[in-house]
There are 2 protein chains.
Amino acid sequence: MKIGELAKRSGLTAHTIRYYERIGLLPYADRDRSSRRDYDPSILVWIEFLGRLKTTGMPIRDMLLYAELRDRGSGTEAERRALLERHRESVRARVDELNACLLVLDTKIGGYAETEQRMKDYDATLPERRRKPVGARSARTR
Amino acid sequence: MKIGELAKRSGLTAHTIRYYERIGLLPYADRDRSSRRDYDPSILVWIEFLGRLKTTGMPIRDMLLYAELRDRGSGTEAERRALLERHRESVRARVDELNACLLVLDTKIGGYAETEQRMKDYDATLPERRRKPVGARSARTR
DNA sequence: TCTTGACTTAGAGCGCGCTCAAACTCGTAG
DNA sequence: CTACGAGTTTGAGCGCGCTCTAAGTCAAGA
């Protein structure tokens with residue numbers, strides 16, 4: 001598989017794939033006779049996992065640590081596991097943090113909802129012909 | 001309250017407070033006779049809310065939109081609410097994404113746990129004097 | 001044979017969100 | 001009076017993670 005094909009399948013750009021190889025996140029790819037990279041499809045599994053680490057906010061320097069352990073192969077399982085367990089904890093903490101913020105957002109949005117309700121109630125007390133047209137906004141709101 | 005005090009109380013650095021003012025995230029602060037910023041403690045509430053937006057991954061350019069609506073005051077509530085509702089959706093999506101990744105991490109970590117268990121089982125089949133010392137690691141693991 | 005387009009490399013550039021530096025002004029304590 | 005520490009401004013610099021450019025190679029199709 002050439003780099004363009006891998007790019008399509010992985011969702012990365014060819015630029016990014018080369019960049020990842022340069023920094024050591026992807027193993028050095030075998031080249032064909034004209035020095036083009038030729039990939040085994042199994043690389044997709046690794047790229048997908050790297051994507052998970054990235055999605056969960058792991059910095060590249062930590063992914064590199066993991067990639068190095070992986071390259072060293074057997075004997076590094078305990079370290080790899082420990083690294084992932086530490087990361088999992090940080091992701092859980094992040095989820096908790098986001099959920100806490102969601103509660104604050106709910107409250108804030110609820111406050112605006114109340115404001116709107118009070119405005120509707122107020123409008124309803126006005127004589128028919130003085131009510132604001134539906135969808136009306138204040139002049140400054142453009 | 002001077003900027004140093006506000007920095008302490010808000011958790012931002014004085015540098016960052018000035019930067020936020022420069023870009024419009026914080027309102028222009030009143031200066032005392034010797035042009036030092038003098039803050040009303042109520043600014044802390046706003047800074048804390050900005051912190052929530054930041055924590056939840058809102059880019060500064062969007063916080064600026066919200067800050068501008070806030071500055072314009074009444075008549076912008078519906079827009080502010082809509083902005084926060086859109087943001088809340090993106091945060092919820094992010095939480096879902098993180099939870100999905102957590103499942104993958106669980107599986108991966110579970111795989112390493114199995115490997116370790118198989119190694120322990122294997123060690124247990126060896127004669128007493130040939131067992132690895134507790135905590136032993138393979139030579140390459142340094 | 002010629003052209004096209006996908007690839008190669010090394011290295012420069014970019015957008016984000018700060019973070020720091022330089023040169024200066026004040027107000028207060030010793 | 002002097003020295004210090006905390007503040008002021010403008011603008012440069014930084015770390016991250018890409019993203020793009022330039023100049024070149026190569027293979028396949030018209």
Any side-chain N or O of [X] less than 4.0 Å from the OP1 or OP2 oxygen of [N]?
| X | N | result |
| --- | --- | --- |
| A:R37 | C:dT8 | yes |
| A:R36 | C:dA6 | no |
| B:S34 | C:dT25 | no |
| A:R31 | D:dT25 | no |

* Near-strand residues of residues 5-27 of chain B, defined as heavy-atom separation under 4.0 angstrom from DNA chain C -> B:H15, B:T16, B:Y19, B:Y20, B:R22

Distance in angstrom units between [X] [atom1] and [N] [atom2], rounded:
| X | N | atom1 | atom2 | answer |
| --- | --- | --- | --- | --- |
| B:L53 | C:dC16 | CG | P | 17 Å |
| A:D32 | D:dA28 | CG | C1' | 14 Å |
| B:Y39 | D:dG7 | OH | P | 10 Å |
| A:D30 | C:dT8 | CG | C1' | 16 Å |
| A:D38 | C:dT8 | CG | C1' | 15 Å |

* Taking all heavy atoms of A:R94 and all of B:T55, pick out the closest pair and write down the distance. => NH2-O, 2.7 Å

* Structure fact -> Between B:M58 and B:M63 the two heavy atoms that sit nearest each other are O-CE, 3.1 Å

* To do: Hey, can you tell me if B:Y66 and B:W46 have their rings parallel, tilted or perpendicular (30° and 60° cut-offs)?
  => parallel

* Sub-3.5 Å donor-acceptor pair from the side chain of B:D38 to the main-chain atoms of B:M1, do we have one? -> yes

* To do: Decide whether B:T76 and B:R72 meet the rule of one side-chain donor and one side-chain acceptor closer than 3.5 Å.
  => no

* Asked: Should we count CG of A:D32 as having more than 12 external heavy atoms under 6.0 Å?
  -> yes

* **Residue mapping more 5' on DNA chain C - nearest nucleotide basis, B:K54 or B:R33** => B:K54

